[in-house]
Protein chains: 2
Amino acid sequence: MSKYDDETTYAIGELAREFDITPRSIRFYEEQGLMSPSRTGQNRVYLNKDRVRLKLILRGKRLGFSLAEVKTLFDMYDTNPNSAIQLEAMLEMTEQKRAVLKQQLEDIQMLMTELDDVEARCREELAELKRGNIA
Amino acid sequence: MSKYDDETTYAIGELAREFDITPRSIRFYEEQGLMSPSRTGQNRVYLNKDRVRLKLILRGKRLGFSLAEVKTLFDMYDTNPNSAIQLEAMLEMTEQKRAVLKQQLEDIQMLMTELDDVEARCREELAELKRGNIA
DNA sequence: GTACAGGTTTACGTTAACGTTAATTACATT
DNA sequence: AATGTAATTAACGTTAACGTAAACCTGTAC
């Protein structure tokens with residue numbers, strides 16, 4: 001956590017490689033108002049805070065948030081950090097996501113049971129074929 | 001499980017209401033080769049097996065499968081399984097799907113933990129605000 | 001018999017999240 | 001000087017999964 005960590009700069013390509021996305025995606029996030037890196041000349045220069053932002057964007061995506069939703073959260077945080085309204089809005093969003101995830105869990109468990117059945121039937125029929133009981 | 005259960009028929013609008021989707025969606029699934037209901041005249045008539053299919057489609061969607069992927073699974077399931085090669089291919093596919101689902105399960109559990117953290121922090125800060133500790 | 005609530009096909013429109021050129025700039029190396 | 005690598009903007013293209021509008025048929029209710 002030395003001073004240097006916060007002053008390290010990244011080119012767009014470096015960040016792209018690090019997070020395994022394309023530069024186009026990063027520019028797109030900026031275009032959508034999710035980041036605003038500084039420049040040297042016309043080239044984008046990313047600081048650690050930008051890198052953190054990007055990490056948050058990608059995490060949001062993994063959580064199933066749309067870029068618009070991520071932006072909403074960012075905007076709320078940027079304009080009015082730690083206000084009760086913002087916190088409650090965030091709670092509401094996480095509640096919704098939790099419900100979706102819970103449903104997905106149930107679905108996956110059911111599907112796995114069905115896969116068990118399919119597999120069992122397959123193995124049975126294979127066994128019969130091996131026994132020579134071919135219709 | 002009487003005989004009648006299997007002979008109950010549904011109009012497209014009934015199924016749409018039951019599953020809270022539009023008739024357009026159901027027709028689209030048919031267009032993509034995911035269902036093939038019978039007809040009376042030009043009207044679609046859905047039997048219980050069609051209803052089950054629709055249920056499976058929607059579950060697949062909730063799981064993050066594309067309609068194309070769902071169709072692949074259906075096709076495999078529908079394929080006449082009397083050749084050892086086909087059976088073994090199907091087993092291989094179900095194994096792959098199982099691995100994917102297992103990964104998804106782990107992901108979701110991790111995400112839920114993260115949501116727990118976010119929520120906990122939110123509630124803490126809210127509590128502080130209520131106590132009057134507003135910076 | 002006419003209004004209406006359903007169904008039908010055909011076909012163009014929409015949204016999100018980028019992909020994919022194209023044309024240009026700039027720095028580094030050979 | 002030429003080549004290579006990475007960056008830039010602008011703008012059109014793409015895919016999935018439907019939405020939506022138009023124009024039509026059709027059985028039941030009044």
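A, B, ... follow the sequence lines: proteins, then strands. Residue 1 opens every chain.
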With sequence neighbours excluded, residues passing salt bridge (Lys or Arg N to Asp or Glu O under 4.0 Å) with Glu106(A): none
Lys61(B): side-chain hydrogen bond (donor to acceptor under 3.5 Å, both in side chains) partners, not counting sequence neighbours: none
Closest approach of Ile12(B) to Pro23(B) (non-hydrogen atoms, all atoms of both residues): CD1-O, 3.7 Å
Residues forming a salt bridge (Lys or Arg N to Asp or Glu O under 4.0 Å) with Arg27(A), sequence neighbours excluded: none
Closest non-hydrogen atom pair, Phe28(B) against Leu67(B): CE2-CD1, 3.5 Å
Base-contact (B) and sugar-phosphate-only (S) positions in nucleotides 6-22 of chain C, heavy-atom cut-off under 4.0 Å, - elsewhere: -SBB-B-----BBBB--
Axis deviation across the helix from dG1(C)-dC30(D) to dT30(C)-dA1(D), five-pair ends, to the nearest 10°: 10°
Tyr10(B) to Thr8(B) - nearest heavy-atom pair and separation: CE1-O, 3.8 Å
Interatomic distance, Phe19(B) CZ vs dC18(D) P [rounded to whole Å]: 14 Å
Phe74(A) side chain reached by Arg53(A) side chain, heavy atoms, under 4.5 Å: yes
Going by atom type alone, with no hydrogens or angles, which donor-acceptor pairs under 3.5 Å involve a side-chain atom of residues 32-41 of chain A and a protein atom two or more places apart or on another chain?
unit_1, atom_1, unit_2, atom_2, d
Ser38(A), OG, Val45(A), O, 3.4
Arg39(A), NH1, Gln42(A), O, 2.8

